[in-house]
Amino acid sequence: TDHITLRDPQTLGLDEAASRALLAIVAPWFAEDGITLVYDQPTRWLARGALFAGLATASLERVLLRDVRAWMPDKSQARTLHRLHSEMQMLLYTHAFNDERATRGLPVANSFWVHGTGALPAPAPAPAPTPLIPTTLHDAALHEDWRAWAAAWAALDVGPVAQLLRQAEAGTPVQLTLCGERNAVGFHSAPRGLVQRIQGLFRPQLFIDLGTKL
């Protein structure tokens, strides 16, 4: 009663059919409060409602495997969500949907997490190129698997990072963003001058050296 942990949704083993079945169960409850739910992925639905326009929420990554109490939306701004959390827990606790999952040894789905809230800009911005976002470091850190974390760094060094370095050396504009829990730092490549290109022919460059020039 005094500690609620948000598990990784990927461990639920939800497929599209199960997710849509669960959505059909809970959607009417949200609709009563003016919230429309739409299926997007097995572990992610989209929600639309006036409640979310100015509501501050924490990202899923920030809360995973932690006590959710520190990250819950402010109760004065989100009384409806707090009530829906309680209602969903009561609804799903003894629901046949979870009883059937339990008989198959699958984790039960007993709550939800709201994140990514805000009002969409109008008109909507043009779609940007989809960035490459490796999740190996993120996944290893969440589960405190530091051996896997070190292996992920090694794989990135010889894979995507090495590819960015080759592109930068060839004069192609590249961008790299390193994200932590509270901060992020971005690097943008700049055109190299003639002297730098000549030096590159005789001296190999490490990523740390490239970072000082970006």
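All values reported here derive from a predicted model rather than from experimental measurement.
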- Heavy-atom closest pair, residues Leu142 and Glu61: CD2-O, 4.0 Å

- Query: Is Leu137 linked to Trp146 within one hydrophobic cluster, defined over Ile, Leu, Val, Met, Phe, Trp and Tyr using a side-chain heavy-atom separation of less than 4.5 Å?
  - Reply: yes

- Task: Could you tell me whether a side-chain N or O of Ser59 sits under 3.5 Å from a main-chain N or O of Arg62, the two making a donor and an acceptor?
- Result: yes

- Task: Write down the atom of Leu81, the atom of Leu51, and the distance for their closest heavy-atom approach.
- Result: CG-CD2, 3.6 Å

- Query: For Arg104, does the CZ atom sit with more than 12 other heavy atoms under 6.0 Å from it, leaving out its own atoms?
  - Reply: yes

- Message: So does Ala152 get a backbone contact from the side chain of Thr136, meaning a donor-acceptor N/O pair under 3.5 Å?
- Response: no

- Donor-acceptor contact present, side-chain His143 to main-chain Asp145, <3.5 Å: no

- Asp67 (side chain) donor-acceptor with Arg69 (main chain) under 3.5 angstrom: yes

- Query: Can you tell me how far OG of Ser19 sits from CZ of Arg44, rounded to the nearest 0.5 angstrom?
  - Reply: 11.0 Å

- Query: Looking at CZ of Arg101 and CG of Leu14, how far apart are the two atoms once the value is rounded to the nearest 0.5 Å?
  - Reply: 4.5 Å

- Query: Say you draw a straight line from NE2 of His82 to CG of Leu84; how long is it, rounded to the nearest 0.5 Å?
  - Reply: 10.5 Å

- Message: Does any part of the side chain of Glu144, heavy atoms only, come nearer than 4.5 Å to the side chain of Leu65, both counted from C-beta?
- Response: no

- Item | Shared hydrophobic cluster, Leu176 / Val185 (ILVMFWY, side-chain heavy atoms < 4.5 Å) | yes

- Message: Quick check for you: to the nearest 0.5 Å, what is the distance between Leu23 atom CG and Asp40 atom CG?
- Response: 11.0 Å

- Query: Do Arg83 and Asp33 touch side chain to side chain, with heavy atoms closer than 4.5 Å?
  - Reply: yes

- What are the two closest heavy atoms between Thr57 and Gly116, and how far apart are they? OG1-N, 3.5 Å

- Item | ILVMFWY cluster, Tyr39 and Leu22 together (side-chain gap under 4.5 Å) | yes

- Query: Rounded to the nearest 0.5 Å, how far does CE of Met90 lie from CE of Met88?
  - Reply: 8.5 Å

- Taking all atoms of both residues into account, what is the closest heavy-atom pair of Thr94 and Asp99, and its distance? O-OD2, 3.7 Å

- Query: Do the rings of Trp113 and His85 sit parallel, tilted or perpendicular, given the 30° and 60° boundaries?
  - Reply: tilted

- Item | Spatial distance of atom CG (Leu106) from atom CG (Asn98) [nearest 0.5 Å] | 10.0 Å

- Student check: side-chain heavy atoms of Pro9 and Leu64 closer than 4.5 Å: yes

- Message: Count I, L, V, M, F, W, Y as connected when their side-chain heavy atoms are under 4.5 Å apart, and connections chain through other members. Are Phe187 and Val174 then in the same cluster?
- Response: yes

- Query: Which atom names give the shortest non-hydrogen contact between Gln89 and Asn110, and what distance separates them?
  - Reply: CG-O, 3.4 Å

- Query: Are Val114 and Leu12 connected in a single hydrophobic cluster, I mean Ile/Leu/Val/Met/Phe/Trp/Tyr linked by side-chain heavy atoms less than 4.5 Å apart?
  - Reply: yes

- Query: Between Pro28 and Ile25, which heavy-atom pair has the shortest distance, and what is it?
  - Reply: CD-O, 3.6 Å

- Message: Just to verify, which of Trp29, Phe30, Trp45 counts as forming a ring pair (Phe, Tyr, Trp, His ring centres under 6.0 Å) with Phe112?
- Response: Phe30

